[in-house]
Asker: 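First the structure, then my questions, so here it is.
By convention in this document, chain letters (A, B, ...) are assigned in the order of the sequence lines, proteins followed by strands, and residues within each chain are numbered from 1. Please read these numbers as outputs of a predicted model, since none were measured by experiment.
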Protein chains: 2
Amino acid sequence: MEIYKNEKRQLYIEKASIEQFFSLSLEEFLEIHEYARGEWIIKEGERPHYLFYVLEGKAKIYITHQNGKVSLINFINPNEFIGEMELLNDVYYTKGIQASTKTICFAIPINSFRKQLLEDNKFLRKLANFLSVKSTKMAEKYYQSLSFPLENRLADFILQTADNGMYKEKHITVCEFLGVSYRHLLHVLAQFCEKGYLTKQGRAYYIQNHDILTELAKSLRNE
Amino acid sequence: MEIYKNEKRQLYIEKASIEQFFSLSLEEFLEIHEYARGEWIIKEGERPHYLFYVLEGKAKIYITHQNGKVSLINFINPNEFIGEMELLNDVYYTKGIQASTKTICFAIPINSFRKQLLEDNKFLRKLANFLSVKSTKMAEKYYQSLSFPLENRLADFILQTADNGMYKEKHITVCEFLGVSYRHLLHVLAQFCEKGYLTKQGRAYYIQNHDILTELAKSLRNE
DNA sequence: CTCAAAATAGGAGATATCTCATATTATTTT
DNA sequence: AAAATAATATGAGATATCTCCTATTTTGAG
């Protein structure tokens, strides 16, 4: 983990236009952290010392179950908070958060600023907004996972992550994310190929029948 | 739906000690609504006109999927908000909320007070707190549902809802809530009886082996 | 009290998904 | 370049869960 100093730090502080977050001026206490791919931003079971806000990069939230099974429960993307739960509650939290690409975030030491943050209207509104979106998304994922077989959820995931008609995610990440076994993921992918929705070339899959995938994915979101 | 007036209204306003929610004094604009069992507090697809806070009773959140299947996605209990999403976002929302017992809540007309609410720190903090808990719970449910078979989730549910060793929920509600088919729920319940965890008398089930159920449920929460 | 609707109950077969085992191929480390 | 590790692939059999069907019992409305 690297903490940016001087000009580099200044650059990011300006870029993030942190005025939008706070009425109070935290600027001089704000740290800019960079985490390398694979590094743990928060270790599971450890109480974090900072409130983070992701500026660049991508991270993953993991939970380890008692049976040893580890689930990827979500991605964290730019413009999202990390550690807001710990700011609000005293309960401590046991999720692990790992950078999955180089990740740059701003970091506010919780211990020193908790009280002030909780009195800042601008910040609170921003936070409440973020939380409401987060909780909606989670609820969506939940009932989707219950109500639909992998076929539908995978179609949706493919459409969301495909780049120019080409799908090329790591199976391991995907099956964690969708909560199915590696084996079954491959099975359904093979089915998609067999049915002509996708074709496989090497490690990549090309979308052949966009409409059918869209149709499958549409069942998830009932709009 | 009944709107309380005068003394009845006053009673609930005092009981809820609404000072804890707001710095501003909304008291005279606050309505107290009572919904009968089965009544819709918010109809699916309809934009609500109030922010609610449940004082007494229990409600259910439903979503209807495109395939016509309806999922119960959660219960709403006393001391929880309803409609906070609509307050924060302009997006409108398509969940249906139905009272499952007589439900009394306070109701703030959103149109008139939105702006003021969003400037009230006390309220925002309360709301952020609520949302963070909500989203955590949802996340928990999500990964539980993915990682564990019904056996574990049902054991947990039984322990949570059993009253004095007796479990007596409606199967229909439960299978919606746990996201499994009616048939399968019965099957696992029958298994529990066969294995001696429960015994069945009429429509009720009595817990015979509390320890095993606890053990099954414990896998869900890894503490 | 009566009838319709809702809830319970269980059989049978299909499908989705998992576990385990074993090869092969990329990628990273030394 | 060799060795170690991670990722991909696939078969086979087990289990969890679903759908459809049909019968009985309970509950609620009139």
Side-chain angles (χ1 to χ4, degrees), chain A residues 36-39 60 65 67-72 98 100-101 143-155 157 167-195 198-205 216 219-220, chain B residues 36-39 60 62 65 67-72 98 100-102 143-155 157 167-195 198-205 216 219-220:
Chain A
R37 173 166 189 272
E39 224 174 333
K60 294 175 187 166
H65 299 274
N67 57 15
K69 196 170 165 183
V70 176
S71 306
L72 170 64
Q98 184 186 39
S100 68
T101 64
Y143 64 74
Q144 284 174 10
S145 76
L146 287 179
S147 306
F148 297 93
L150 181 59
E151 197 180 33
N152 299 89
R153 292 180 287 135
L154 181 59
F157 186 82
Y167 168 80
K168 206 185 171 182
E169 296 295 316
K170 286 201 181 162
H171 297 332
I172 286 201
T173 312
V174 178
C175 64
E176 280 181 301
F177 186 61
L178 297 176
V180 294
S181 67
Y182 190 94
R183 188 63 192 84
H184 189 53
L185 173 62
L186 285 196
H187 180 235
V188 175
L189 277 171
Q191 254 179 237
F192 278 9
C193 291
E194 211 175 286
K195 290 181 184 167
L198 304 173
T199 46
K200 191 177 170 188
Q201 279 180 37
R203 307 242 137 154
Y205 294 79
L216 285 171
S219 324
L220 297 183
Chain B
R37 173 165 190 273
E39 225 174 334
K60 293 176 188 166
Y62 286 100
H65 299 273
N67 57 15
K69 196 169 166 184
V70 177
S71 306
L72 170 64
Q98 184 185 40
S100 68
T101 64
K102 186 176 88 172
Y143 63 75
Q144 283 173 11
S145 77
L146 286 179
S147 305
F148 296 94
L150 182 59
E151 197 179 35
N152 299 89
R153 291 180 288 136
L154 181 59
F157 186 81
Y167 167 81
K168 206 186 171 182
E169 296 295 315
K170 285 200 181 162
H171 298 332
I172 287 201
T173 313
V174 178
C175 65
E176 280 181 301
F177 186 61
L178 298 176
V180 294
S181 68
Y182 190 94
R183 189 64 193 82
H184 189 52
L185 174 62
L186 284 196
H187 179 237
V188 175
L189 277 172
Q191 253 179 237
F192 279 8
C193 291
E194 209 176 287
K195 290 181 184 166
L198 303 173
T199 46
K200 191 177 169 188
Q201 279 180 37
R203 307 243 138 155
Y205 294 80
L216 284 172
S219 324
L220 297 184

Asker: So, using salt bridge (Lys or Arg N to Asp or Glu O under 4.0 Å) as the criterion, who are the partners of B:K195 when residues are at least two apart?
Answerer: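 Listed in chain order: B:E151.
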Asker: Using five pairs at each end of the helix from C:dC1-D:dG30 to C:dT30-D:dA1 to define an axis, what is the angle between those two axes, to 10°?
Answerer: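 Taking five pairs per end, the axes differ by 60°.
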Asker: Applying side chain to side chain contact (heavy atoms under 4.5 Å, CB included), name anything that partners B:A204, two or more places apart in sequence or on another chain.
Answerer: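 For B:A204 the side chain to side chain contact (heavy atoms under 4.5 Å, CB included) partners, ignoring immediate neighbours, are B:M166, B:K168, B:Y206.
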Asker: Just verifying a value: how many Å separate A:Y167 OH and A:L198 CG, rounded to the nearest 0.5 Å?
Answerer: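 Atom-to-atom, A:Y167:OH and A:L198:CG are 9.0 Å apart.
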Asker: Calculate the interatomic distance between B:Y182 atom OH and C:dG10 atom P; express it in whole Å.
Answerer: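 B:Y182 atom OH is separated from C:dG10 atom P by 10 Å.
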Asker: Once you measure the plane-to-plane angle for B:F157 and B:F177, does it fall in the parallel (<30°), tilted (30-60°) or perpendicular (>60°) bin?
Answerer: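 Geometry flag for B:F177 against B:F157: tilted rings.
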Asker: Do the side chain of A:S219 and the main chain of A:L216 share a donor and acceptor less than 3.5 angstrom apart?
Answerer: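 Yes, A:S219 side chain to A:L216 backbone: donor-acceptor pair under 3.5 Å.
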Asker: B:T173: what forms a side chain to side chain contact (heavy atoms under 4.5 Å, CB included) with it, not counting sequence neighbours?
Answerer: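 Per chain and number, B:T173 pairs via side chain to side chain contact (heavy atoms under 4.5 Å, CB included) with B:K60, B:L72, B:F75, B:K170.
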Asker: Round to a whole Å and report the spacing from CD of A:E151 to P of D:dT17.
Answerer: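 So the two atoms are 19 Å apart, to the nearest Å.
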Asker: Separation of A:E176 atom CD from C:dT17 atom P, in whole Å?
Answerer: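 That distance rounds to 18 Å.
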Asker: Could you identify which residues of residues 183-191 of chain B place a heavy atom less than 4.0 Å from some atom of DNA chain C, listed by residue number, or say none?
Answerer: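 Here the set is B:R183, B:L186.
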Asker: Could you tell me how far apart A:L154 (CG) and C:dA16 (C1') are, to the nearest whole angstrom?
Answerer: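 Rounding to the nearest Å, CG of A:L154 and C1' of C:dA16 are 14 Å apart.
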Asker: Can you tell me how far C1' of C:dT15 sits from CG of A:N152, to the nearest Å?
Answerer: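 Value for this atom pair: 14 Å.
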Asker: Rounded to whole Å, how long is the line connecting atom CD1 of A:I172 with atom C1' of C:dA26?
Answerer: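 A:I172 atom CD1 is separated from C:dA26 atom C1' by 12 Å.
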Asker: What is the distance, rounded to the nearest whole Å, between atom NE2 of B:H171 and atom P of D:dC18?
Answerer: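 Rounded to whole Å, this separation is 16 Å.
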Asker: Test A:L189 against every option in A:H171, A:K200, A:E194, A:H184 by the side-chain contact (heavy atoms from CB on, under 4.5 Å) rule and name the one that passes.
Answerer: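 By the side-chain contact (heavy atoms from CB on, under 4.5 Å) criterion, A:L189 pairs with just one of A:H171, A:K200, A:E194, A:H184: A:H171.
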Asker: Would you please name every residue forming a salt bridge (Lys or Arg N to Asp or Glu O under 4.0 Å) with A:E169, sequence neighbours left out?
Answerer: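 Not a single residue meets the salt bridge (Lys or Arg N to Asp or Glu O under 4.0 Å) criterion with A:E169.
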Asker: Where each residue is assigned the nucleotide of DNA chain D containing its nearest heavy atom, which of B:K170 and B:S181 is assigned the position nearer the 5′ end?
Answerer: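 First, find each residue's nearest nucleotide; the 5'-ward one identifies B:S181.
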Asker: Taking the nucleotide of DNA chain C with the closest heavy atom to each, which residue, A:R153 or B:K200, is nearer the 5' end?
Answerer: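 First, find each residue's nearest nucleotide; the 5'-ward one identifies B:K200.
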Asker: Please test A:Y205 against A:F192 for ring-ring contact (aromatic ring centres under 6.0 Å, His included), starting from the C-alpha separation and ending with a verdict.
Answerer: CA-CA 10 Å; A:Y205 294 79; A:F192 278 9; 9.4 Å; no
Asker: Distance check needed: C:dT25 P versus A:R203 CZ, whole Å only.
Answerer: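 My rounded result for the distance is 10 Å.
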